[in-house]
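Notes to accompany the following structure.
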Amino acid sequence: MSDHDVCDLPGIVARWHHDPANLVQILRDVQESCGTIPSDTLDQLAKLLNVPRVRIEATASFYSFFHAESHGAYEILFSDNVIDQMAGKAELKQYLCERLWLEPRKLSEDGLVYVDDTADIGLADQAPAMLVNGFAVPALDKARLDLVAELIRVRKPLAEWPPMLFEIPDNIRQPGPLTGEAFAPGAALKATLSRGTDATLAEIDSANLRGRGGAGFKTATKWASCRKAEGEAHYVVCNADEGEPGTFKDRVLLNSHADLVFEGMTVCARVIGARQGLLYLRGEYRNLLEKLESVLATRREKGLLGRNILGYVDADGDFDFDIEIHLGAGAYICGEESALIESLEGKPGKPRNRPPFPDRCGYRNQPTVVNNVETFACAAKIAERGGAWFAAMGTPQSAGSKLISVSGDCQRPGIYEYSFGVTVRQILIDCGAEDAHAVQVSGPSGTCISFREFDRRIAFEDLATAGAFMVFSRERDMFEVARNFTHFFAHESCGFCTPCRVGTSLLRNTMDKLAAGKGSAYDMNEMKNIMHILRGMAHCGLGHTAANPVVQTMEKFPEAYERRLKRLDFEPAFDLDGALQTARLITGRDDEWAHLADE
Amino acid sequence: MLDGKTIPFEEGETIMEAAAAAGVYIPHLCHHPEFKPHGSCKLCTVSIGGRLGAACTNQAAEGVKVESETAALNADRLALTQMLFVEGNHVCPSCEKSGNCQLQAVAYHLGMLTPHFTHFYPARDVDASHPDVLLERNRCILCELCVRASRDVDGKNIFGIGGRGIKARLIVNSASGRLADTNLSVRDRAAEVCPTGAIILKRHGFTVPIGRRLYDHHDIAEVPVAGLKEPMRD
Amino acid sequence: MTEPKKLKVATCSLAGCFGCHMSLLDIDEKLFELVKVVEFDRSPITDIKHCGPCDIGIVEGGVCNAENVHVLKEFRKNCRILVAMGACAINGGIPAMRNNVDLWDCFQEVYHYGIGLENGQIPNDPELPLPFDKVHPINEVVRIDYFLPGCPPPADAIWKFLTDLAAGREPKLDYEMLHYD
């Protein structure tokens with residue numbers, strides 16, 4: 001009945017070199033092959049890896065995709081971004097649950113199937129979407145769910161499901177230098193080797209390439225600093241933990257332009273003197289793994305990876321470099337570079353204290369470059385075509401092109417590659433969003449702009465973005481958008497620091513209180529105080545920005561809040577009458593004094 | 001420069017260390033001079049040349065203006081302390097640690113009159129299985145001092161943090177999850193480093209009566225180092 | 001010269017133990033000074049059952065049942081300044097330690113399995129206040145102006161607090177007077 005094999009723990013541990021630093025990968029493999037990570041497995045892993053059980057439990061209990069209890073042969077997780085909700089996720093989820101005769105978050109009585117929500121899975125252009133045993137199924141509708149329900153009913157193993165369920169088109173609507181031009185694998189590497197590392201770094205520098213993850217740190221500065229830093233080894237890490245709700249451009253780059261990304265990593269390795277690279281792929285992109293492994297294998301065959309790359313030998317010795325893919329396990333915080341490194345080292349993804357930054361002290365405490373997928377793709381293009389070519393695109397402060405992941409209320413959601421400096425209005429015209437009222441640029445942690453600001457530009461000097469571009473029409477309730485995002489942050493807070501651990505939950509609870517029609521001006525003021533604490537005191541970017549959606553929608557769409565305020569003064573923190581319900585049931589009372597009327 | 005006074009420091013020292021050496025108190029809970037800085041409670045947040053950062057993890061530097069005792073920072077610290085109070089179940093009247101508890105003492109220092117925020121009243125386990133040590137998770141503030149003490153001093157790795165976000169919780173190194181099934185000894189540093197009443201030695205709760213305890217009469221600023229039995233000045 | 005107008009004060013105890021009220025009485029001979037400037041409205045001290053307009057309302061205890069809410073709302077409606085006195089009013093205190101015991105288990109323990117009970121039944125009399133799932137501090141039900149912590153607050157703290165308020169000063173407690181236990 002089970003879609004899962006018997007778990008070969010020693011085999012899994014051996015495959016990951018008995019190295020506790022690979023614990024997240026080991027747990028992923030256990031979870032994938034066994035369907036759960038039971039308590040006694042933690043004990044066995046502790047023995048096999050020779051580390052304390054408590055450390056294994058800490059990691060196993062941190063990531064959303066690991067669980068000790070069985071989720072049956074089929075675990076179905078619905079993507080729960082606001083875009084999925086707008087596309088009818090709630091109704092479809094209920095539909096599937098009814099078809100399968102089960103309740104969400106409860107294993108079906110026959111132990112076969114489990115249905116729950118998960119954070120955005122990077123398919124906002126094909127929403128609503130879901131994961132089945134970790135594999136993405138996009139563009140859900142009743143017909144597709146009928147098919148899924150039937151496949152589950154007949155207990156068809158996932159590997160035998162019709163491939164069309166898992167087909168995910170790129171939806172590249174406006175191609176550009178990264179997404180529209182052919183790239184000959186090896187071209188950038190050859191140029192790098194003939195130009196030399198100093199000159200290549202100079203090209204990256206003159207290209208004015210800045211990090212595409214959103215923060216916009218200058219790539220050449222990072223590479224130069226890492227190159228200069230002393231260590232036993234240098235590492236190149238590609239951040240493909242694209243977890244920001246509404247973003248999916250890295251998925252498309254990795255699906256169709258993986259050579260560009262791997263080549264960028266290899267160029268970086270050459271510049272900083274690294275022999276080992278790691279791609280940290282978010283767990284939600286599990287479906288890309290085999291394809292990416294085969295691209296790596298082809299590159300090894302072609303001499304573009306591995307020992308003696310392109311047969312090159314110079315005074316510094318051979319050029320050896322290889323790339324290993326690590327998968328995440330459902331933790332948005334791992335997109336933060338130091339949390340990502342912790343995860344690569346087998347630990348819970350909690351951001352480190354910085355400084356030191358990874359360029360000096362990163363993976364295994366060695367000098368490490370961590371760059372976004374798109375940044376490495378740009379670096380490869382620059383190595384191939386030169387810094388001047390790249391710098392000629394965009395604006396003086398924001399050179400080059402930018403991939404925008406468009407989703408929401410528009411006719412043509414998908415990937416748009418623009419030169420930096422494009423206006424929001426232009427993007428809205430191109431994607432067919434005549435009725436746009438608001439746009440969430442760069443996801444929940446980014447900027448919410450109203451229709452009054454559509455002449456603003458996508459650029460580091462104006463609207464910096466990791467790529468998400470969620471469009472909301474006039475009919476959408478911006479309060480509900482912000483509320484969805486507060487739930488997201490509360491779920492994804494790592495729990496390390498007080499302000500974020502407690503503050504994100506307080507914020508979520510207060511938004512829920514307003515949504516229930518029990519809000520007051522007092523609550524609005526409370527939220528402002530919590531925002532202030534989060535922005536000033538939180539440990540990392542997640543906490544600093546977690547209140548942004550509320551702050552910005554309060555400011556730009558005050559009417560969405562005002563009509564929810566029951567009273568201007570004060571409303572109880574909990575539902576008074578609801579809190580009597582249990583006692584009413586126990587005593588069988590329903591008299592006047594057994595109720596507290598709303599005033 | 002700390003709050004307008006020039007403070008000496010040695011290369012590599014944190015702001016917290018330099019301040020402590022100069023007798024200046026910066027509120028803190030997860031910091032302890034004997035352990036590696038952690039930087040999680042954020043109570044020691046100071047303004048470092050206009051940017052906010054934790055005093056326990058940021059290094060002191062020449063010519064940098066650091067502000068700590070400002071009304072604004074103390075208001076934010078108070079809010080963080082209140083968050084810690086509502087996050088757990090802190091019932092001081094029933095707690096053996098009352099009067100010697102650093103969470104309580106910091107709250108006294110900051111003049112906390114109410115936890116202010118809506119209480120979470122989380123359901124947390126009490127583990128009384130160990131013959132000598134009580135683990136009362138209702139009072140845990142996730143400072144990880146026990147984690148660090150057990151790992152770095154005792155060499156035992158008895159404690160860890162499981163879960164994520166608001167569901168983060170103190171876990172112990174045994175398959176049963178019980179403290180009795182670990183090799184924790186009453187002599188371990190981890191057994192007595194807890195700043196609150198989350199890990200306490202059994203049968204010692206009331207050797208000093210309530211009302212005659214350390215913070216009943218001394219502001220924590222006078223006795224900032226945990227474990228000191230006598231105030232530094234009086 | 002006319003007597004200065006006395007401050008009207010009301011007090012009550014909700015889910016508390018009356019310990020705070022005992023501590024109020026513990027100001028001993030200062031009570032005489034207090035009644036020179038203060039007149040008590042609804043209070044266990046006066047046995048007045050409902051309060052009229054007051055300057056200060058002092059509430060001991062948290063909110064554990066429906067009746068507590070009615071009393072608290074009456075106080076909020078009638079008192080210009082509302083004070084949460086003691087640990088229970090401020091964070092639920094000892095009664096809130098039941099918050100993670102299932103309410104059904106509480107009823108069972110009290111009415112079915114308690115020592116000395118035979119054929120116990122759960123009462124459904126409307127006169128009995130119906131309990132909430134959890135005990136809450138009073139500031140989660142109405143807006144509170146001042147908090148006076150302690151279990152109970154020391155008599156000196158109550159005295160200092162009230163005299164500050166009566167004199168129109170912002171109440172301020174010395175370190176020794178601020179206690180949560």
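Atom set for the values below is all heavy atoms of this structure, side chains included, hydrogens, waters and symmetry mates excluded.
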Give, as side chain, backbone, both or neither, the part of [X] having an atom under 4.5 angstrom from any heavy atom of chain A.
| X | answer |
| --- | --- |
| B/F159 | backbone |
| B/L43 | neither |
| B/I141 | backbone |

_Between B/E192 and B/R187 (salt bridge meaning N to carboxylate O under 4.0 Å), is one present in this structure?_
no
_Let's test your reading of the model: do A/C7 and A/C34 have SG atoms under 2.5 angstrom apart?_
yes
*Could you tell me whether a side-chain N or O of B/K65 sits under 3.5 Å from a main-chain N or O of B/D3, the two making a donor and an acceptor?*
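No: the side chain of B/K65 does not pair with the backbone of B/D3.
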Extract the chain B to chain A donor-acceptor pairs under 3.5 Å, no hydrogen or angle test applied.
| unit_1 | atom_1 | unit_2 | atom_2 | d |
| --- | --- | --- | --- | --- |
| B/H38 | O | A/N353 | ND2 | 2.9 |
| B/S40 | O | A/T498 | N | 3.1 |
| B/C41 | O | A/T498 | OG1 | 3.1 |
| B/K42 | NZ | A/H539 | ND1 | 2.8 |
| B/D76 | OD1 | A/H532 | NE2 | 3.0 |
| B/D76 | OD2 | A/H532 | NE2 | 3.2 |
| B/E87 | OE1 | A/R501 | NH2 | 3.0 |
| B/E87 | OE2 | A/R501 | NE | 2.5 |
| B/H116 | NE2 | A/E526 | OE1 | 2.9 |
| B/H116 | NE2 | A/E526 | OE2 | 2.8 |
| B/G163 | N | A/S61 | OG | 2.8 |
| B/R164 | NE | A/H491 | O | 3.3 |
| B/R164 | NH1 | A/F62 | O | 3.2 |
| B/R164 | NH1 | A/S64 | OG | 3.4 |
| B/R164 | NH1 | A/G330 | O | 2.9 |
| B/R164 | NH2 | A/S64 | OG | 3.0 |
| B/R164 | NH2 | A/H491 | O | 3.2 |
| B/R164 | NH2 | A/E492 | OE1 | 3.1 |
| B/G165 | N | A/S493 | O | 3.1 |
| B/G165 | N | A/C494 | O | 3.1 |
| B/N173 | OD1 | A/R53 | N | 3.0 |
| B/N173 | OD1 | A/V54 | N | 2.8 |

*Between atom CZ of B/F35 and atom SG of B/C30, what is the distance when rounded to the nearest 0.5 Å?*
12.5 Å
*Check side-chain contact (heavy atoms from CB on, under 4.5 Å) between B/L113 and all other residues, then give those that pass, not counting sequence neighbours.*
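By the side-chain contact (heavy atoms from CB on, under 4.5 Å) rule, B/L113 matches C/F147, C/P149, C/L178.
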*With a 4.5 Å cut-off on heavy-atom pairs, point out which of A/P348, A/G349, A/A573, A/P499 contacts chain B the most.*
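The candidate making the most pairs under 4.5 Å is A/P499.
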*Sort out for me which of A/V51, A/L42, A/V502 touches chain B most, counting heavy-atom pairs under 4.5 Å.*
A/V502
*asked:* Please identify, among B/L142, B/V147, B/I158, the residue contributing the most non-hydrogen atom pairs under 4.5 Å to chain A.
replied: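 Winner by heavy-atom pair count: B/L142.
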